[in-house]
Amino acid sequence: VLNRLEDTYAKLRANFQEVFKRLFGGGQADLVLTGTKDLLTAGVDIWAQLPGKKMQPLSLLSGGERALTAIAFLFALLRSKSTYLCVLDEIDAALDEANAARFLNYLEELAQDTQFIMITHRKQAMLRARSLYGLAMGASGASRLVSIRLEEAV
Amino acid sequence: VLNRLEDTYAKLRANFQEVFKRLFGGGQADLVLTGTKDLLTAGVDIWAQLPGKKMQPLSLLSGGERALTAIAFLFALLRSKSTYLCVLDEIDAALDEANAARFLNYLEELAQDTQFIMITHRKQAMLRARSLYGLAMGASGASRLVSIRLEEAV
Amino acid sequence: MYLERLTIQGFKSFAERLELVFEPGISAIVGPNGSGKSNIVDAIRWALGEQSLHALRGERLEDIIFSGSDHRRAHGLAEVTLTFANADGGLPVPYSEVVITRRAYRSGSSEFLLNGVPCRLRDIQELFWDTGLGREGYSFIGQGRVEEVLNLKPEERRVFLEQAA
Amino acid sequence: MYLERLTIQGFKSFAERLELVFEPGISAIVGPNGSGKSNIVDAIRWALGEQSLHALRGERLEDIIFSGSDHRRAHGLAEVTLTFANADGGLPVPYSEVVITRRAYRSGSSEFLLNGVPCRLRDIQELFWDTGLGREGYSFIGQGRVEEVLNLKPEERRVFLEQAA
Ligand SMILES: Nc1ncnc2c1ncn2[C@@H]1O[C@H](COP(=O)(O)OP(=O)(O)OP(=O)(O)O)[C@@H](O)[C@H]1O
Ligand SMILES: Nc1ncnc2c1ncn2[C@@H]1O[C@H](COP(=O)(O)OP(=O)(O)OP(=O)(O)O)[C@@H](O)[C@H]1O
Ligand SMILES: [Mg+2]
Ligand SMILES: [Mg+2]
């Protein structure tokens, strides 16, 4: 068990370092074991250094930078051990257009192994979906499907 | 003191009922005292019923509906006792375009008595600002001002 | 293994029957505030066996059954059906298509079906244990919750490491 | 009474001096992730006397002084100046313009100025007590925090009622 945990940690750490660089276009990040050196009880800390900047506490990162760092951790988990289905509810909300584009590019790569159902308001996200559904709250108080015109959306 | 608290509660409650209707285009809401009937120790609960729907726990409301309900409470406080300056950091993030429009319309009314500094990504919010500043992170790692073209923004 | 079809009726805001067909890859759901997008996420979790009403943003069982509106009566039954394509055997049953149905009646009773055959909640939960779609996994990121992983204690974050093992 | 001018240098990401001029009514600040918008909010709070580094998203005093980058050296001083128009006497001092300056040195020392005259932190905090800009007020809604008021215990929400009295 301990060997398997060590392999997983090595793989997760390498994936996180790589995904972070892809999503931020640079910089560096790491997953660091805390507390005891015993993997069965150690904690996992996230360190992030943005491109061109010094290492700082995560709390100092902006809202969008924190969201993207969390997404990098999630993507690293999916790279280490993919799940069949992943449902994402507006996780791109805090990202600006440039960060959202890098996020979607990486998501498309992961989508070869995982089915993603994504709730979004973003036009560039809608454009990359194979299936796109629009909802509305009907006047009668019930949800209903509506057809979507992409030029109007967003 | 108790009389003043009672007057404030009556005013805050009336303001909240009115602001909620304006922001949601209907429905009804209330501020309800909980615990003891003694205003000095009672709590304040928020009840919200969306247009056309039944009264439900706040937790069932959508992300955007919860944000707008919280904004209604804030606006009710400002109507009851305005503050000179109010700084809002992306509080419209979860709102769709229709809710954002109603939010901005009401904000403009409050802005006659209160100075608002609003951080936003939304074009319709930028269009209503008397002063508009754009920031960017320079290549040298420092924040700097940039000029903004409103057709490109958003 | 992927989710082919989602059918919802009577669950939360879905007074009318809603059917969505999905393919592998990326699917997107869009719409205004309160239109039911997050309710769809709740429906999928519930049908997979989620038992915590709090995780579904509710307080009582009746919160997940359509409660009525000015123009519609309340429903007595909430039903969600998930249809999975299982050609790769990702689900440990010998069917190329796996259909899960969960029902909840306002009276309090529940029904669970696996390819049309009544089963227990536990059977459905166990079916998905190794797929990463169980309760502890990283398969569902709720609205406004993507940053949560940054705020966990290091020991809590370690749980993800164990799941990825 | 309104904020006329904000001048920031050396505070967080503002290695270069930044000066913003505001008018009554609505002002908007826009820009990409990490450009410094929320840092401006932190600067205003800090200059008004905020003492909790946690409230400014920092851990240590050095977190609010420009820490340097690949192309710039770290700064030794963070300074924020707020200039208020006070024609209506909203601030209880006999000046039509009130200028507040707060400085923090990497050495750990601090300076506070009121219209150019050195003063204590407490003098600045007391100046703003009745304006609603103090710590407990509803004058600052931080990023991602607008929903917080819905999650408070009822007794905690009562505090707002008291402030509005
Ligand atoms: N049992 C129920 N009966 C009727 N309506 C319900 C029920 N449960 C929830 N709703 C309604 O569903 C709506 C919330 O839907 P949902 O959270 O899916 O919105 P959303 O599309 O995700 O919106 P947002 O973009 O704001 O996040 C609320 O308006 C709520 O009143
Ligand atoms: N002491 C410091 N020295 C240098 N840079 C700093 C310092 N403190 C914070 N920063 C930088 O400031 C940036 C965060 O800025 P801020 O939170 O204002 O962004 P923002 O414009 O609000 O972005 P978002 O739209 O994502 O919320 C981070 O990249 C962080 O590295
Ligand atoms: Mg939602
Ligand atoms: Mg910000």
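Numbered from 1 within each chain, the chains take letters A, B, ... in sequence-line order. Atoms considered below: every heavy atom in the structure, side chains included; atoms not considered: hydrogens, waters and symmetry mates.
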| remark: chain C shares the most heavy-atom pairs under 4.5 Å, among Leu95(B), Leu68(B), Leu61(B), Leu58(B), with Leu95(B)
| query | Based on non-hydrogen pairs under 4.5 Å, which of Ala67(B), Gly64(B), Gly52(B) is most in contact with chain C? | reply | Gly52(B)
| request: Answer yes or no: is there a side-chain heavy-atom contact under 4.5 Å between Glu50(C) and Asp42(C)? | output: no
| task | Give, as side chain, backbone, both or neither, the part of Lys12(C) having an atom under 4.5 angstrom from any heavy atom of chain B. | result | side chain
| Mutual orientation of the aromatic rings belonging to Phe75(B) and Phe103(B) [parallel < 30°, tilted 30-60°, perpendicular > 60°] | parallel
| task | Please state whether the side chain, the backbone, both or neither of Ser67(C) comes within less than 4.5 Å of a heavy atom of chain B. | result | both
| message | Quick check on Leu50(B) against chain C: is it the side chain, the backbone, both or neither that has a heavy atom closer than 4.5 Å? | response | neither
| remark: To the nearest 0.5 Å, atom CD of Gln51(C) lies from atom CG of Leu121(C) at 4.5 Å
| request: Determine whether more than 12 heavy atoms belonging to other residues, nucleotides or ligands lie under 6.0 Å from atom NZ of Lys54(B). | output: yes
| message | Parallel, tilted or perpendicular, judged at 30° and 60°: which one describes the rings of Phe128(C) and Phe84(C)? | response | tilted
| query | What part of Ala94(B) lies closer than 4.5 angstrom to a heavy atom of chain C: side chain, backbone, both or neither? | reply | backbone
